There are 2 protein chains.
Amino acid sequence: MPARIEDVAAHAGVSTKTVSRVLNGHPSVRATLRTRIEASIRALNYVPNPSARGLAGNRSYLVALLYDNPMAGSSYTMELIVGVLQACKGTPYNAVLHPFDTADDLAAQIDGFVATHRPDALVLVPPHANNAKLLQRLDELDIRYSTVSSKLRQSRIDIGFDERRAAADIVEHLISLGHRRIAHITGLHGHGARTWRLSGYRDALRKAGIAYDESLVVEGDFTFASGMAGAKALLDRRRAPTAIFTANDDMACGVMREAYERGLAIPGDLSVCGFDGTPVSQLISPGLTTVRQPCREIGCQAVESVLQSIRDPALRQQARVPYEVQLRASTAAPRKP
Amino acid sequence: MPARIEDVAAHAGVSTKTVSRVLNGHPSVRATLRTRIEASIRALNYVPNPSARGLAGNRSYLVALLYDNPMAGSSYTMELIVGVLQACKGTPYNAVLHPFDTADDLAAQIDGFVATHRPDALVLVPPHANNAKLLQRLDELDIRYSTVSSKLRQSRIDIGFDERRAAADIVEHLISLGHRRIAHITGLHGHGARTWRLSGYRDALRKAGIAYDESLVVEGDFTFASGMAGAKALLDRRRAPTAIFTANDDMACGVMREAYERGLAIPGDLSVCGFDGTPVSQLISPGLTTVRQPCREIGCQAVESVLQSIRDPALRQQARVPYEVQLRASTAAPRKP
DNA sequence: GTCAAATGTACCAGCGCTGTCAACAGAAAA
DNA sequence: TTTTCTGTTGACAGCGCTGGTACATTTGAC
């Protein structure tokens, strides 16, 4: 039978309440006493019972991660999860992962979810992070949440990275190689990622004095198939682009597939770069030039911040974690035009 | 304030204990009464408080998934997680994900983990599923567990698929295309996957009357780099193989990279096939012939079975879920030798 | 129709912890 | 010196649920 708080109290010669104070980091315990109690905790190998704690304190010690179902298999989500778990480690909090279908009325579904699991805090990933109704409902329910890469100002705590700047960086890289006819395949409508990455693309062109050519931008939806379709359209043009920048890596793979089918060499005939830095960018040949999105760090900080906001409900934070442009073999100087 | 069991009891005109019996599926409640109580539960939108339940019943309603840290980013783990979550859905159980470093002494670490989270059941993934000491410790602690693809007979509940047969299938495919000089890059020592996939490779050769050539088998460790290194060694031979079968997809990508660097065409100069059916097999060009491992189904069933074993501790199960050979463009008939 | 067995119900204690509130000591202010 | 305050500690109730026990009711066999 594991030790109980009562056993620790007896061992240290204090009341259970005082032990409880130490466990919960309450300030009004003398340092000497605190040390003695901590020693007793270690001596008895005591670990508080989460159920009892939760029941008495009306908390669940659960942080829920709400992500999009179709993304379930994505390494983006996986990396985020790794970060979330890392942040929970060493805290009494556990992570609950919850894939939510975008199609359904989230703001309604959330009530059921909250009733069942009673999470103390939520972390929202796009597209849910952009769902204004959902955030509003959470505010009504008075549940702390943080968002990842949200477009909405409404979110008090948001963690992301400077996607616009990162996109500009990678396009500038293409420009520095000598490319002038650079195409872009966008992300899915409604995602901030679509807007920011497109803006960055335009920023870089503007900075280099290259006129923005609308016909070089085609709509994608983050899928391999849409990347392939986009490449088809672009490569069928009379004056095909010499480089294609896609809003994520999967679409870049689609572009590479289309090039492969046409017998175009990468980077000889076409430079390709992606975005996100998913594992595939390293596995594919040639290696894909991309921006590594710091998913782990983002997931980790999203949890840390939202846990902090439980103690300090007024907390506001818009953190931007550093990213990294990864230059690989899929980009090179264009052949003479 | 959410409804309590007491409210449901009052609404249905019964005692709280009777409601509790309905909630926990106790048999001794008349069908008519059960129906009435279930109606009250729905009417009041009642959801039992997990903390209270856990405290009173000395349970945590937690299923822990123990996986290997370095695999954190792998889509194998991600898919498994998806299956695990799916199985928990609709049950009062939650999943706790726990990456464990292989290096450390697991059997010792597990005590700390169990003390902290008190999971009612565990699901073990290789390599932990092959750790005899760990399983023994869990037996001592009397904690139910299930394993995924374990080599050990010790495990009462194991879910996997017929890896040996699947490997044989894919090698037979290569043979049917006309390949005779087929190489294999193995998985990491200690994993059942290494042994079974190698055995399947040998089975297929034997069945086709092709002599086993030890020099065509090189050691790998499931990483991209080891696939590349293996390919280097194999392609430097005087009589290079016309096809390479690797024990997972990442290594197949390594082989493809090495072929790319040497200017070898796939599948023209070299056929490549992998194993696992990770997302990269579809994203890479040409598409990679592989075996789709039914990770989700495995994760799902591993949880379902272990939850069942909580009620029925004598339960034994060795399930083999169906797999699927996915033929893509990375394999074709060899050129005239 | 009777009796025993089987089935179903009510009540109460208590799971292990934290919140509330009261008590007390010592320091600062009057 | 007395009063007031702040900082520290403890006593006790009770969070919402389930297990056990004792009692009530139904069922089936004879």
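Since the model is a prediction, treat every value here as computed from it, not as a measurement. What you see below is based on every heavy atom in this structure, not just the backbone, and it leaves out hydrogens, waters and symmetry mates. Proteins come first, then strands; the chains are lettered A, B, ... in the order of their sequence lines, and each starts at number 1.
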Nearest-angstrom distance from the residue atom NZ of B:K17 to C1' of C:dC12
12 Å
Give a yes/no answer on whether the side chain of B:R53 brings an N or O atom under 4.0 Å of OP1 or OP2 in D:dT18.
yes
Does B:T18 reach a base, just sugar-phosphate, or nothing at all? Heavy atoms under 4.0 Å.
sugar-phosphate
Quick one: does NZ or CZ of B:R4 land under 6.0 Å from the six-membered ring centre of B:Y46, within 45 degrees of the ring axis?
no
Identify, between B:L33 and B:A56, the residue whose nearest nucleotide on DNA chain C lies closer to the 5' end.
B:L33
If you compare every side-chain N and O of A:Y46 against the phosphate oxygens of C:dC17 (OP1, OP2), does one of them come in below 4.0 Å?
yes
Atom of A:D158, atom of A:S149 and distance for their closest heavy-atom approach
OD1-N, 3.4 Å
Rounded to whole Å, CZ of A:R21 lies from C1' of C:dC21 at a distance of 11 Å
Whole-Å distance separating the OH atom of B:Y61 from the C1' atom of D:dC17
9 Å
Side chain of B:D120, backbone of B:S60: donor and acceptor closer than 3.5 Å?
yes
Taking any heavy-atom pair under 4.0 Å as a contact, classify A:N49: base, sugar-phosphate, or nothing.
sugar-phosphate
Take the protein atom CZ of A:R118 and the nucleotide atom P of D:dC17, then report the distance between them rounded to whole Å.
7 Å
Could you tell me how far apart A:R30 (CZ) and C:dA25 (C1') are, to the nearest whole angstrom?
10 Å
B:E6 CD to D:dC17 C1', in whole Å, measures 11 Å
Spacing between A:L55 atom CG and C:dC15 atom P, to the nearest angstrom:
13 Å
State whether A:S20 places a side-chain N or O below 4.0 Å from either non-bridging phosphate oxygen (OP1 or OP2) of C:dT18.
yes
Write down the distance between CD1 (B:I5) and C1' (D:dC17), rounded to a whole number of angstrom.
6 Å
Do the side chains of A:R144 and A:R156 get nearer than 4.5 Å, heavy atoms only?
no
Please classify the nucleic acid contact of B:R59 as base, sugar-phosphate, or nothing, using heavy-atom distances under 4.0 Å.
sugar-phosphate
Give a yes/no answer on whether the side chain of A:N58 brings an N or O atom under 4.0 Å of OP1 or OP2 in C:dG19.
no
With respect to the phosphate group of D:dG10, does any side-chain polar atom (N or O) of A:S15 fall under 4.0 Å of OP1 or OP2?
yes
Which of D:dT8, D:dC17, C:dC17 is nearest the side chain of A:S28? It is D:dT8
Does a side chain donor of either A:T16 or A:E6 reach within less than 3.5 Å of an acceptor in the other side chain?
no
